[in-house]
Amino acid sequence: MTEDRRQPAADVFDAIGADYETAFAGSRAHHASLETLLGQLAPHSRILDVGSGTGRPTDRTLAAAGHEVLGVDVSAVMVDLAARRVPDATFRNADIREFPLPEAGFDAVCVYFSLLQMSRDEQRSLVRRLAGALRPGGRLVLATIPLDVEGVDAVFMGQEVRVTSFGPGECRALVTGAGLSVTQEHDAVFTPAHPGAVPEPHLYLHCLREPL
C-alpha cells in the first residue's frame, strides 16, 4: 500500500506561513472583491473571516474601515502572524467545522479559498452553517477555484494536499442551496508569485441573505 504523505490543513499552512501572503498579494480580483463588500456594509459591521491566514489583505482592509473582524484559522502559525499584522482584529485558532457560530450573529462572512481541503459534504454543511450565521440582509463572499475535482492529489506551494471543489454551476448551487442569493459574480485568472506556480481560475461570488 502506498503511504499517504498528505498533511492535515493545519500542518500545510503552518509550513507555508508568510509565504502565502507573498504569493497571493498581487491578486487584483481579491482586492476588488473587498472593495465591493465594503460598499455594501453598514458602519461598524461584525464580520467573520473563514480561513483568515496572515490577516492580509482581508482582515486588515476590513478592520481599517472600522469594522469588527473575527478571523478563524486552523493554522496556529497563521493566527500568530495575523494577530501581529492586524492588531485591530480578533483571531482564533480553530477548525471552522467545529467552531460555534451564533445564529444571525454576523453582518458579513468572508470565505476566500478556504474550502478546498474539505470534502464536498463538509463544504455544503459549512456553507449552510455560515448562511445561518448571517443576519437577514447580511453578505457572504465566497472565492474558490471552480474546478470539478474531488479528492485530487496536488502540490500546493511545496506541500502535498488533496483538493476538492465544484465547477462554476455547482459553486453557485452551493450558496443558493444554503438559502443565499448570488448578487455578483466575477471570474479571474491569477498566477501566484511562487516558484512553479501556474495560472489558476478564480471565482468570486457575492451573496445575500435576503431580509425578512
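Using a 4.5 Å cut-off between side-chain heavy atoms of Ile, Leu, Val, Met, Phe, Trp and Tyr, with links allowed through other members, V77 and V79 fall into different hydrophobic clusters. Hydrophobic clustering of Ile, Leu, Val, Met, Phe, Trp and Tyr side chains at less than 4.5 Å, counting indirect connections, unites V161 with F113. Tracing side-chain contacts under 4.5 Å through hydrophobic residues (I, L, V, M, F, W, Y), one never reaches V109 starting from L37; they form parts of separate clusters. Hydrophobic clustering, with ILVMFWY side chains joined whenever heavy atoms are under 4.5 angstrom apart, groups V127 together with L203. With hydrophobic clusters built from ILVMFWY side chains whose heavy atoms lie under 4.5 angstrom apart, F99 shares a cluster with L140.
For the 3.5 Å distance criterion, the side chains of H30 and T58 qualify, holding a donor opposite an acceptor.
Note that CG of L116 and OG1 of T144 are 4.0 Å apart. Values are rounded to the nearest 0.5 Å. Between the CG atom in L147 and the OG1 atom in T164 there is a gap of 11.5 Å [rounded to 0.5 Å]. In this structure, CZ in F156 is found 5.0 Å from CZ in F13, a value given to the nearest 0.5 Å. Annotation: the span from H31 atom NE2 to T36 atom OG1 amounts to 13.0 Å, rounded to 0.5 Å. Atom-to-atom distance recorded for L130:CG and L48:CG is 6.5 Å, nearest 0.5 angstrom. In this structure, S119 OG and E150 CD are separated by 8.0 Å, a value rounded to the nearest 0.5 Å.
Residues L205 and C171 meet the side-chain proximity criterion, which asks for heavy atoms closer than 4.5 Å. Using a 4.5 Å cut-off on side-chain heavy atoms (C-beta onward), F91 and R84 make no contact. Taking the side chain as every heavy atom from C-beta outward, R139 and D107 never approach each other to under 4.5 Å. Annotation: side chain of C110 is not in contact with side chain of V50 (no heavy-atom distance under 4.5 Å).
Summarising the geometry of S33 relative to V141, their closest heavy-atom pair is OG-CG1, 3.4 Å, with the distance given to 0.1 Å. Annotation for P146 and P201: closest pair CD-O, 3.3 Å, computed over non-hydrogen atoms. Closest heavy-atom contact between A18 and T54: CA-CG2, 4.3 Å. Contact record, L134 with A108: CD2-CA, 3.7 Å, taken as the closest heavy-atom pair. Contact record, G51 with D73: C-OD2, 3.3 Å, taken as the closest heavy-atom pair. Between S45 and H67, the shortest heavy-atom contact is N-ND1, 3.0 Å.
Applying the salt bridge (Lys or Arg N to Asp or Glu O under 4.0 Å) test to pairs two or more places apart or on separate chains, those with a residue in residues 34-48 are R46-E68. For residues 197-212, the pairs satisfying salt bridge (Lys or Arg N to Asp or Glu O under 4.0 Å) are E103-R209, with sequence neighbours left out.
No donor-acceptor pair under 3.5 Å is formed between the side chain of R128 and the backbone N or O of L174. Side chain of S165 to main chain of I145: a donor-acceptor pair is present (N/O by atom type, distance under 3.5 Å, no hydrogens or angles).
R135 forms no cation-pi arrangement with F106, by the criterion of a distance under 6.0 Å to the ring centre and an angle within 45° of the ring axis.
For the side chain to side chain donor-acceptor pair (under 3.5 Å) with S75, the lone residue among D11, D14, N93 that qualifies is D14.
Note on ring orientation: taking the six-membered ring where Trp is involved, the planes of F190 and H202 are tilted (angle from 30° to 60°).
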Legend entry - R120 vs E170, salt bridge (Lys or Arg N to Asp or Glu O under 4.0 Å): CA-CA, chis, key distance, verdict: CA-CA 11 Å; R120 287 181 169 174; E170 289 74 20; over 6 Å; no
